[in-house]
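The figures here come from the full heavy-atom set of this structure, side chains too, leaving out hydrogens, waters and symmetry mates.
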Amino acid sequence: HLQKFDYFSTREISGVALAKDLFGVSADLALDPVFIVGKHHLDDLSLLGEPFAPPGGIAAYILDETEWDKYTIINNAKKRLKLKVGLVHDRWKENEGDKGVFSEDWLAGIVNAKLIISDSFHCIALAIIYRKPFIALANRWRGLTRFVSLLDMVGLSDRLISNYEE
């Protein structure tokens, strides 16, 4: 059915080859929309939020906790850099005492942080847009190939770690 489309694109370098090999269609590599929207729009949104992370601290956003101990990386950075941490994770529930954050709060936390640590592609993409130091935590369940493609394109693949030992 993909051959019926006039145009096909993918955000991953590996997706170009997969589209050709598995589906017989030519695909172009496309930027994720977060890079197209314009930083001034992101700036405007961030001004509407209350940062989830302390200004000048570490903004940490964890999607999946099951693969390896990502919190050890965050705690080590906190101790080494002597910074406070704001943490948002994808499993919050009101009855567990956790609170969710609005997108504007999340973005404000990234904009105002000194360091970003995340296994979220979009969180790391925003760190790149805002030229923030970051540690990308490999997340094979959600977008690892996007991480690899993006970080290879911008020459920052040394920021991606796959386990605590790295």
- [ ] Take Ile135 and Ile74 through the side-chain contact (heavy atoms from CB on, under 4.5 Å) test and state the conclusion after the steps.
- [x] CA-CA 9 Å; Ile135 300 170; Ile74 296 166; over 6 Å; no
Could you tell me which non-hydrogen atom of [X] sits nearest to which non-hydrogen atom of [Y], and how far apart they are?
{"X": "Leu42", "Y": "Leu107", "value": "O-CD2, 3.2 Å"}
{"X": "Arg159", "Y": "Pro133", "value": "NH1-CA, 4.2 Å"}
{"X": "Val34", "Y": "Ala125", "value": "CG1-CB, 3.7 Å"}
{"X": "Glu50", "Y": "Ala108", "value": "C-CB, 4.3 Å"}
{"X": "Ala60", "Y": "Phe52", "value": "O-CE1, 3.7 Å"}
{"X": "Ala127", "Y": "Ile110", "value": "N-CG2, 4.4 Å"}

How long is the gap from [atom1] on [X] to [atom2] on [Y], to the nearest 0.5 Å?
{"X": "His41", "Y": "Ser46", "atom1": "NE2", "atom2": "OG", "answer": "13.0 Å"}
{"X": "Ser149", "Y": "Arg11", "atom1": "OG", "atom2": "CZ", "answer": "10.5 Å"}
{"X": "Leu156", "Y": "Leu151", "atom1": "CG", "atom2": "CG", "answer": "6.5 Å"}
{"X": "Asn75", "Y": "Ile58", "atom1": "CG", "atom2": "CD1", "answer": "9.0 Å"}
{"X": "Leu144", "Y": "Leu160", "atom1": "CG", "atom2": "CG", "answer": "6.5 Å"}
{"X": "Leu126", "Y": "Phe121", "atom1": "CG", "atom2": "CZ", "answer": "9.5 Å"}

ask   = Ignoring hydrogens and geometry, is there a side-chain-to-backbone donor-acceptor pair from Asp119 to Leu63 under 3.5 Å?
value =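 Between the backbone of Leu63 and the side chain of Asp119 there is a qualifying donor-acceptor contact (under 3.5 Å).
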- Task: Determine yes or no for a side-chain-to-main-chain donor-acceptor pair under 3.5 angstrom, with Lys132 supplying the side chain and Val111 the backbone.
- Result: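 Yes; at least one donor-acceptor contact below 3.5 Å.
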### Query
For residues Ser14 and Glu12, is any side-chain donor paired with an opposing acceptor at under 3.5 Å?
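On atom types as modelled, these side chains do not qualify, holding no pair under 3.5 Å.
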**Request:** May I ask you to check whether Asp43 and Tyr130 show a side-chain donor-acceptor distance below 3.5 Å?
**Result:**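 Tyr130 and Asp43 do have a side-chain donor-acceptor pair below 3.5 Å.
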Show, in sequence, the C-alpha distance, side-chain angles and deciding distance for Ile124 and Phe147, and conclude whether the side-chain contact (heavy atoms from CB on, under 4.5 Å) test is met. CA-CA 8 Å; Ile124 296 304; Phe147 261 139; 3.4 Å; yes
Using a 4.5 Å cut-off on heavy atoms from C-beta on, say whether the side chain of [Y] contacts that of [X].
{"X": "Leu29", "Y": "Met153", "value": "yes"}
{"X": "Cys123", "Y": "Ile116", "value": "yes"}
{"X": "Phe134", "Y": "Ile117", "value": "no"}
{"X": "Ile62", "Y": "Val88", "value": "no"}
{"X": "Asp28", "Y": "Tyr7", "value": "yes"}

Do you reckon [X] sits in the same ILVMFWY cluster as [Y], going by side-chain contacts under 4.5 Å, direct or chained?
{"X": "Tyr71", "Y": "Leu81", "value": "yes"}
{"X": "Val16", "Y": "Val148", "value": "no"}
{"X": "Phe8", "Y": "Leu22", "value": "yes"}
{"X": "Trp106", "Y": "Phe35", "value": "yes"}

Check: What pairs meet the salt bridge (Lys or Arg N to Asp or Glu O under 4.0 Å) rule with one or both residues in residues 76-85, with sequence neighbours excluded?
Finding: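 Listed by first then second residue: nothing to list.
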Item to complete: Tell me, yes or no, whether the heavy-atom count around Gln3 atom CD, taken from other residues, nucleotides or ligands under 6.0 Å, exceeds 12.
Response: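 Result for CD/Gln3: enclosed.
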